[in-house]
Amino acid sequence: MLSFVAQRIVKGVVVLLAIVVMNFFLIRLAPGDPAVVMAGEAGASDPQFVQQLREKFSLDKPLPEQLLSYVKGIVTLDLGFSFRQQMPVSKLISERIGATLLLTLTAFAISLVLGIFFGTLAARFAGSWGDSAITAAALVFYATPIFWLALMAILLFSVYLGWLPSFGYDTVGANYTGLAYVGDVALHLIMPAMTIGLFFMATYTRMTRASMLEVKRLDFVKTARAKGLRDNVIQRRHVLRNALLPVVTLAGVHAGTLIGGAVITETVYAWPGIGRLMYEALLQRDYNLLLGVFVVCSAMVLIFNLITDLVYRLVDPRIEFAS
Amino acid sequence: MTAAPAVSIKNLKIALPKGAERPYAVDGISIDLIPGEIVCVVGESGSGKSMCAHALMGLLPDTVSTETGEIAFNGGNLLKLDEDGWRDVRGRHIAMVFQEPMTALNPLMRIGDQMMEMFEAHNLLTPKERRAKALGLAREVGLPDPERIVRAYPHQLSGGQRQRAMIAMALALEPAVLVADEPTTALDVTTQAQILKLIRDLQRRRNMAVMFITHDFGVVADIADRVVVLRYGKVVEEGTAAEVLTRPQHDYTKALLAAVPSMHPPVRAPLEGREKAVEVIGLDKTYVTSGGWFKPDRSVRAANEVSFDILQGETLGLVGESGSGKSSVARLVMQLIKPDRGTVRLGDSDLTKLTGRALRIERHRIQMIFQDPFASLNPRRKVGNIISDGPIAHGTDAKVAMQRARELLGLVGLDAGAMERYPHEFSGGQRQRIGIARALALDPEIIVADEAVSALDVSVQAQVLALLEDLKARLGLSMLFITHDLRVAAQICDRIAVMQRGVIVELKPTAQLFASPEHPYTRELLAAVPGQSAPPQAA
């Protein structure tokens, strides 16, 4: 197993480097010159100042040279300097990544637990009105755009009911400490996490339901019945475990993309995560920051893929390590 | 034997859902299962034999319902039981072994755990005792290295070992009745012989009543004490094995027995002086599964120095068990996969040297008929298109190709109306005829038939074999006939090549191979063919 992990890490690093190179060029293909944007914002648009800015940030060097120094930086975990924010990119990202991980992992957990629960329930009572209700609700959440769901949730829970805060990570100026602070963050977390969570929950519900109904028809379920096992044992041990295999695959794909997928939610709820950071960097042509966010997101995808593969190998003995 | 029956099925009627091809799946069947006796329930697909087995376990699908009848057991009627009552019976008093041991075992659970579930289901023994019992059972059914096997997952076992594990599981609680639903159909012939012997031995040792469902009269001859022949859900004949097999009364039984291919090859026309239609020289093919960066690759040698000729008008049989490489050889000959080394020559052209367009042009000379008549026809295309697609791809005018398709349907015994219909509207045998028509559409010189009759009922199988023989003679075809069934091979092949682990171990004229097999593996295969002790009467 160790050799499998080592091998995957080596491969992951190679993939990451390829992504860095591609993104590096891709960003520079987009129209717009960061030096011009910066000079414009500084109120000085004379060519000399722009040229100065270019030299300051090495934007005047040939592209391969810029790439080489960027890659060299990454190897030493230096993601460069953000011209706009006047701060190292790694510092900017590390300040924000905690909030994003909190949001996305909470959303992920909610979606998996609720999705599998409702999917199992729907499959168990397939064809009943309960099944129809769950399937219909899943379809609604699946089809609703996240930003709209977010806005409606704010309207309902913040504006009309006044139960939940409508934006931010914590209450500004409240200076809570200890448990009170945790409670405050949790309160702020509920809506954004549910907004993302409900969308993914819908896919897991549908997947779990379909997969369970398929497994139910397989021969080994009949064997289990022929043993005289109780129905709930059969459902849990024989049906659910086998039915979860495709759900694990899907969840693995989602887990990697969740971080990038939080952009909309973070923007609507003013959640100080890297999704919003990326959004700002994009508008400001902040090349280094944007690239930095991409690198971190790519690394996350790779890490979650590795975790998925490990989990998959744990739940399915037919897949052997390093094969 | 006059012992009291362990289970009596009395006048059982199982209704099919409305709109089915007949009202009853099982139509008034009565069968007694007596301790110490094996009753073989024989019939073709759709005869209702599996329904009977499932009714005994209370495992009928939701779509059917038992209308009348009784299953008498232990002084009660099983059909009156509720789900809790059934759960108590299942596994403990009546146990079942299924056809396909790979799918009948949970792939995510260890063999030992699945065995232990039998005790758990009925709240018997402590976990530790269950483990010890599982080990003992594994030993009793002759699983090698039981300590390792109980910790293994199903995919780590061979087909025969999996079926032994299933049998061990079924016997765990010493049931009075064992229901075996085609338990050897998915197994190789040598493995089948071992499993039949195992069931026989265990049944005697434990004085069980066994209901053995099968479609194979060879198996019946080997294992049955009593035989019940079913057709369309009704019993057409019943009696001791000797009576039914040697003096069948009902016409249907006679027809079924007559359709079983005999082990005695018929006399065939001599082949001297014929030209070679296909020349296969030194084919090598090794499949390599990449082991990753830190593990060695795993390789399987599917074909090892395989050489043979097929003469014009000859049928060469390629027999062997699963994994012997016979299907790989078929695909190599067809150039569906490329060999590592070796040559396939049709007349004067070397197929292995051709690529791209040149190969595509030559492909029409050699065509294939597949095993599974359901999977081998595109369900979304009409039969007329399925047959004419090949010729049209080779440049024939669409109208001409369609006309030819109509003629071909006539040739294989279907009417021209089939052109406008879809594959699902046909039975298995009819579909196989469509598959044959499709192969013939390109006017091939050689037909490769890969287990082409294995999925068919014995009576249909006989018809398709006769059709193949007839077409071969009429159209002057040569044939590579791949089969695991030596009885079929005996009837249709001029010569037979026996394959084992990628190597042809023996190649001889059919009569000679059956009369004096030389290689130990050939002898083993021949000895394992079921039903030789009491050969059914051949037509």
Side-chain angles (χ1 to χ4, degrees), chain A residues 1-14 125-128 211-248 309 311-323, chain B residues 53-54 56-59 61-62 83-110 113-123 152-156 166 169-170 172-173 175 179 181 289-298:
Chain A
M1 190 189 119
L2 271 178
S3 77
F4 170 77
V5 175
Q7 173 189 336
R8 285 292 302 267
I9 289 175
V10 174
K11 279 183 186 169
V13 169
V14 175
F125 302 104
S128 70
S211 177
M212 280 195 71
L213 289 179
E214 207 173 301
V215 172
K216 244 183 194 171
R217 293 196 319 248
L218 298 181
D219 285 352
F220 60 80
V221 177
K222 200 156 64 175
T223 307
R225 291 186 67 200
K227 288 176 181 175
L229 281 172
R230 292 188 167 278
D231 194 45
N232 51 18
V233 177
I234 297 174
Q235 295 292 337
R236 195 183 63 236
R237 196 181 291 165
H238 293 277
V239 182
L240 183 61
R241 261 201 75 189
N242 278 281
L244 283 187
L245 295 179
V247 180
V248 171
D309 281 1
V311 170
Y312 213 88
R313 279 164 170 74
L314 283 181
V315 292
D316 190 345
R318 283 167 296 186
I319 298 170
E320 284 163 31
F321 284 102
S323 65
Chain B
H54 285 80
L56 260 182
M57 295 291 291
L59 290 176
D62 293 336
E83 191 56 26
D84 278 337
W86 267 120
R87 270 219 321 275
D88 187 48
V89 170
R90 287 181 199 139
R92 191 173 201 166
H93 302 293
I94 306 178
M96 190 160 177
V97 177
F98 297 94
Q99 172 169 351
E100 175 49 84
M102 180 77 233
T103 56
L105 290 164
N106 185 340
L108 306 185
M109 271 176 89
R110 294 177 199 275
D113 292 340
Q114 301 197 42
M115 290 183 183
M116 285 161 63
E117 270 195 328
M118 286 302 275
F119 303 100
E120 188 202 327
H122 300 274
N123 289 320
Y153 289 99
H155 72 277
Q156 294 165 324
M166 278 299 292
M169 214 179 287
L173 302 179
V179 182
D181 188 1
T289 329
S290 159
W293 293 6
F294 302 95
K295 273 206 175 168
D297 293 346
R298 278 180 299 188

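The chains referred to below are lettered A, B, ... by the order of the sequence lines, with proteins before strands, and numbering in each begins at 1.
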Open item on the list: Can you tell me which of A:Leu218, A:Thr223, A:Leu245 forms the most heavy-atom pairs within a distance under 4.5 Å of chain B?
Closed with: A:Thr223
Given that the side chain runs from C-beta out, which part of [X] has a heavy atom under 4.5 Å from chain A: side chain, backbone, both or neither?
X	result
B:Ala104	both
B:Met169	side chain
B:Glu83	side chain
B:Leu108	both

Open item on the list: Under 4.5 Å from any heavy atom of chain B, what part of A:Val315 do you find: side chain, backbone, both or neither?
Closed with: backbone
State, with a plain yes or no, whether a side-chain heavy atom of [X] is found less than 4.5 Å away from one of [Y].
X	Y	result
A:Lys216	A:Gln235	yes
A:Ile234	A:Val221	yes
A:Leu229	A:His238	yes

Open item on the list: At a heavy-atom distance under 4.5 Å, which candidate from B:Arg90, B:His54, B:Met109 has the highest pair count against chain A?
Closed with: B:Arg90
Task: Among B:Glu117, B:Glu100, B:Arg110, B:His122, residue most engaged with chain A (heavy-atom pairs, under 4.5 Å) - done: B:Glu117
- [ ] Step through the shown structure and confirm whether more than 12 heavy atoms of other residues, nucleotides or ligands are within 6.0 Å of CZ on A:Arg237.
- [x] yes
TODO: Give a yes or no on whether the backbone of B:Glu120 and the side-chain of A:Lys227 come within a donor-acceptor separation of less than 3.5 Å.
DONE: no
Task: Spacing of CZ belonging to A:Arg225 relative to CZ belonging to B:Arg87, to within rounding of 0.5 Å - done: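 If I round to the nearest 0.5 Å, the distance is 10.5 Å.
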